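Heads up, the thing below is written out as C-alpha cells.
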Amino acid sequence: PVRIVLDGAGSGLVQPGDVLVVPAVVPAMTPLFGRIAAICADNGSVAAPTSIVAREYGIQSVTGLGDATRQLADGMLVTVDGGAGRVVLR
C-alpha cells in the first residue's frame with residue numbers, strides 16, 4: 001500500500017512492504033529503504049539520490065513524478081515499474 005511521507009517526521013508510519021511516496025528523499029528517510037517495496041518521488045531523476053539508494057537496495061523507484069504526493073493517498077494499491085517509469089493503480 002501507498003504511504004505518503006512529506007518529511008522525516010512521518011517516517012514512523014511506514015510499514016514493511018509499503019510503497020513510499022515523498023516529495024523528495026531527505027537523509028532521515030534512508031533507513032526506510034530496508035523495509036519498503038518501492039519509492040515514488042515528486043522530484044528527482046535517475047541520477048538523484050533517491051534512485052541511487054533504491055538501486056542499492058534493489059527496490060523499484062520512479063522519480064520526477066511532479067505531483068504523486070497529491071495524486072496518491074495512503075492505502076492505495078499501486079504497481080511501481082522503475083524500468084518503465086510508471087506507477088499504476090491496482
Side-chain angles (χ1 to χ4, degrees):
V2 165
R3 180 69 56 208
I4 308 287
V5 175
L6 299 177
D7 56 41
S11 62
L13 301 173
V14 177
Q15 300 296 312
D18 279 350
V19 173
L20 184 61
V21 180
V22 298
V25 170
V26 296
M29 294 178 185
T30 305
L32 300 175
F33 280 67
R35 64 179 181 227
I36 60 174
I39 185 163
C40 303
D42 291 343
N43 301 306
S45 68
V46 295
T50 303
S51 299
I52 293 167
V53 175
R55 281 192 296 271
E56 289 175 7
Y57 279 87
I59 61 173
Q60 297 292 313
S61 171
V62 178
T63 58
L65 291 168
D67 62 355
T69 54
R70 291 188 306 272
Q71 296 294 320
L72 299 173
D74 282 345
M76 284 181 156
L77 298 179
V78 297
T79 299
V80 179
D81 182 345
R86 292 188 313 180
V87 180
V88 180
L89 291 173
R90 289 194 269 165

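Hydrogens, waters and symmetry mates play no part in the numbers below; they use all other heavy atoms, side chains included. Since the model is a prediction, treat every value here as computed from it, not as a measurement.
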| Result of checking Gln60, Arg86, Arg90 against Thr79 for side-chain contact (heavy atoms from CB on, under 4.5 Å) |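 Only match with Thr79 under side-chain contact (heavy atoms from CB on, under 4.5 Å): Arg90.
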
To check you understand the geometry: which heavy-atom pair defines the closest contact between [X] and [Y], and what is its length?
X     : Y     : answer
Gln71 : Met76 : O-CE, 4.1 Å
Pro27 : Pro31 : O-CD, 3.9 Å
Asn43 : Ala24 : ND2-CB, 4.2 Å
Val19 : Cys40 : CG1-SG, 4.0 Å

| message | Could you walk me through whether Leu32 and Thr30 satisfy the side-chain contact (heavy atoms from CB on, under 4.5 Å) test, starting with their C-alpha distance in whole Å, then the side-chain angles of each, then the deciding distance to 0.1 Å, before giving a yes or no? | response | CA-CA 5 Å; Leu32 300 175; Thr30 305; over 6 Å; no

| message | A side-chain contact here means heavy atoms from C-beta on lying under 4.5 Å apart; do Leu65 and Thr63 qualify? | response |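 No, their side chains stay 4.5 Å or more apart.
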
| Which pairs with one or both residues in residues 65-90 pass ring pair (Phe, Tyr, Trp, His ring centres under 6.0 Å), sequence neighbours excluded? |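 Pairs touching residues 65-90 that pass the test: none.
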
Please set out all donor-acceptor pairs under 3.5 angstrom arising from side-chain atoms of residues 47-59, sequence neighbours excluded.
{"unit_1": "Ser51", "atom_1": "OG", "unit_2": "Ser45", "atom_2": "O", "d": "2.7"}
{"unit_1": "Arg55", "atom_1": "NH1", "unit_2": "Val46", "atom_2": "O", "d": "3.2"}
{"unit_1": "Arg55", "atom_1": "NH2", "unit_2": "Val46", "atom_2": "O", "d": "3.1"}

| Between Asp81 (side chain) and Val87 (backbone), is there a donor-acceptor pair under 3.5 Å? |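 It does not hold such a pair.
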
| task | Quick one: pull up OG in Ser61 and CG in Leu20 and give me the separation to the nearest 0.5 Å. | result |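 CG of Leu20 is found 10.0 Å from OG of Ser61.
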
According to a 4.5 Å side-chain heavy-atom criterion applied to Ile, Leu, Val, Met, Phe, Trp and Tyr, with indirect links allowed, do [X] and [Y] form part of one hydrophobic cluster?
X     : Y     : value
Val14 : Val22 : yes
Leu72 : Val5  : no
Ile4  : Val78 : yes

| request: For Asp74, check salt bridge (Lys or Arg N to Asp or Glu O under 4.0 Å) against everything at least two apart and list the hits. | output: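 So Asp74 forms a salt bridge (Lys or Arg N to Asp or Glu O under 4.0 Å) with Arg3.
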
| message | The test is side-chain contact (heavy atoms from CB on, under 4.5 Å); show your working for Leu77 and Leu89 and say whether it passes. | response | CA-CA 6 Å; Leu77 298 179; Leu89 291 173; over 6 Å; no

